[in-house]
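Each chain gets a letter, A, B and so on, in the order its sequence line appears, and its residues count up from 1.
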Number of protein chains: 2
Amino acid sequence: MFDILRSYFETKNKLTDDQFEFMQTLFIPRKMKKGEFLQREGEIAKYGAFVTKGCLRSYVMDTKGKEHIVQFAPENWWISDTESMANPLSHSRYFIDAIENSEVLLIDLASQEKLMETIPEFAIQYRQGIQKRNAAKDKRIVSSLSATAEERYQEFLKKYSTIAQRIPQHMLASYLGISPETLSRIRKQMSSKKII
Amino acid sequence: MFDILRSYFETKNKLTDDQFEFMQTLFIPRKMKKGEFLQREGEIAKYGAFVTKGCLRSYVMDTKGKEHIVQFAPENWWISDTESMANPLSHSRYFIDAIENSEVLLIDLASQEKLMETIPEFAIQYRQGIQKRNAAKDKRIVSSLSATAEERYQEFLKKYSTIAQRIPQHMLASYLGISPETLSRIRKQMSSKKII
DNA sequence: TTCATTTCTTGATATAGGTCAATGTCCACG
DNA sequence: CGTGGACATTGACCTATATCAAGAAATGAA
């Protein structure tokens, strides 16, 4: 599991063996069965997770009991409720669970801070990472406000084709903010367009 | 202008006078008339801006020439295209302009990095800031995907009542992803509800 | 393999919100 | 002060997408 984490980091900065060893002491490896929760709404988020195998998702439940998927996290992605983690009083509004049998590395806030102090490159990489996410979120906001359901689906396919292939359609619909029925119809329409 | 920046920082960390003086060397003060651009689509973003007076906004233009407002930035807010700034090759997809006569402090990437090296508290504060924004963006995504136009309007009023009062309605509509006509009707409906 | 459960598809119908067009209101600026 | 241009309101109509309902297909456990 840790080798995945190492090579993830080393796409940007080389680690000494000492650094890598130190890193390993900070994470808690954990296997998760499909459907198992890392965290539920109302809990206080304790850990952020780096996914080394499988796929997790985070979602919220609206007042009508409907799920809205916020993020998918396959291998090499981070998933966490940073808000609740950073603010140990705030209860999380997110559920996070595994949608495949998965393996994750957990890290708590204190360890994460230790990591940033000890390996300054990590702090930089981390900051760049959240900045990039921020930009991606802005794009998603704009497209959710202005693009049609089909356009949003196409964008997703283009950007995350690997994810699209491994998740059930109704989850993708939830992520895109459309009903499963509409997604089904869009796909049908698209496939007929291609044939002509 | 700089005193606004100072007190903004000092809500979290006290600055020595030396630190404050150093800080001042890194920012470029600039006055902006209503309607003036800080940056246009296609340009390479050079500066991030801290608003000390007035209000700016960032927006994208879609393929049909329609504007979609991404962010408002009144006093004490940052506004920038971090993506294009961090990646000096990438052309920005954003317009940023002043919607009131405004005053801003500009900072380029190099200076920002110098600031983070020199005042480590700044780095931490900055990271926490973008993390918080991230969480806010997630909320906006979920609500844009699942809430009705009226709900989104109400949320905005609750969260940013001061902004709501000073911007033109059609800009708020653009931010919320609804047409100006719909916003007008929602407001009418809400006011009649209150009277009953 | 078989049965049960979950997921996907399809049709019929309803509705939130968009678009277009006309009118009303309010300033800013000569 | 008037008046032109931006902004807001209102009405009529239209369309994308939701919802409800039923059946088909896929998946997986025994």
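- DNA chain C is contacted by no residue of residues 151-164 of chain A, taking any non-hydrogen atom closer than 4.0 Å.
- Relative to the side chain of Lys188(B), the nucleotides dG11(D), dC7(D), dT9(C) differ in distance, and dG11(D) lies closest.
- The phosphate of dA16(D) (OP1 or OP2) has no side-chain N or O of Thr148(A) nearer than 4.0 angstrom.
- Between Arg166(A) atom CZ and dT7(C) atom P the separation is 17 Å, expressed in whole Å.
- Ranking dT19(D), dC7(D), dT9(D) by closeness to the Pro168(B) side chain, first place goes to dC7(D).
- The main-chain N or O of Lys34(B) is found under 3.5 Å from a side-chain atom of Asn101(B) such that the two form a donor-acceptor pair.
- Between Trp78(B) and Tyr8(B), the ring-plane angle classifies as perpendicular under the 30° and 60° cut-offs.
- Between Arg6(A) and Met1(A) there is no side-chain heavy-atom pair separated by less than 4.5 Å.
- Proximity note for Arg185(A) (side chain, C-beta onward) versus dT17(D), dG18(C), dA12(C): the nearest is dA12(C).
- A donor N or O paired with an acceptor N or O is not found under 3.5 Å between the base of dC8(C) and the side-chain atoms of Glu181(A).
- Using a 4.5 Å heavy-atom threshold, the side chains of Arg166(B) and Pro74(B) count as touching.
- Side-chain contact between Tyr175(A) and Tyr59(A): absent, with no pair of heavy atoms (C-beta onward) separated by less than 4.5 Å.
- Interface remark: the Arg187(A) side chain does not form any donor-acceptor pair with the dT7(C) base, using a distance-only criterion of under 3.5 Å.
- Between the CG atom of Leu183(A) and the P atom of dA18(D) there is a distance of 10 Å, rounded to whole Å.
- In this structure, Lys66(A) reaches the sugar-phosphate backbone alone: every heavy-atom distance under 4.0 Å involves primed, P, OP1 or OP2 atoms, never a base.
- If you measure from atom CG of Leu145(A) to atom C1' of dA16(D), you get 16 Å, rounded to the nearest angstrom.
- Distance, Met171(B) CE to dA8(D) P: 9 Å, rounded to whole Å.
- Using a 4.0 Å cut-off, some side-chain N or O of Ser179(A) falls inside it from OP1 or OP2 of dA18(D).
- For Lys34(A) and dT5(C), the NZ to C1' distance is 12 Å, given to the nearest whole Å.
- Taking every side-chain heavy atom of Gln169(A) into account, dT9(C) is the closest of dG11(D), dG28(D), dT9(C).
- Taking 4.0 angstrom as the limit, Ser184(A) places a side-chain polar atom (N or O) nearer than this to OP1 or OP2 of dT9(C).
- Contact annotation for Ile178(B): backbone-only contact, meaning every heavy-atom pair under 4.0 Å involves sugar-phosphate atoms and none involves a base.
- Side-chain contact annotation: Ser92(B) with Ser84(B), donor-acceptor N/O pair under 3.5 Å absent.
- What separates NZ of Lys64(A) from P of dA18(D) is a distance of 12 Å, to the nearest Å.
- Across every non-hydrogen atom of Phe9(A) and Gln125(A), the tightest pair is CD2-NE2, 3.6 Å.
- The CD1 atom of Ile186(A) sits 14 Å away from the P atom of dT10(C) (whole-angstrom rounding).
- Distances shorter than 4.0 Å separate none of the side-chain N or O atoms of His170(B) from OP1 or OP2 on dA6(D).
- Taking atom CD of residue Glu150(A) and atom C1' of nucleotide dA18(D), one finds them 17 Å apart after rounding to whole Å.
- In this structure Ser143(B) satisfies the side-chain contact (heavy atoms from CB on, under 4.5 Å) test together with Ala147(B), Arg152(B), Glu155(B), sequence neighbours excluded.
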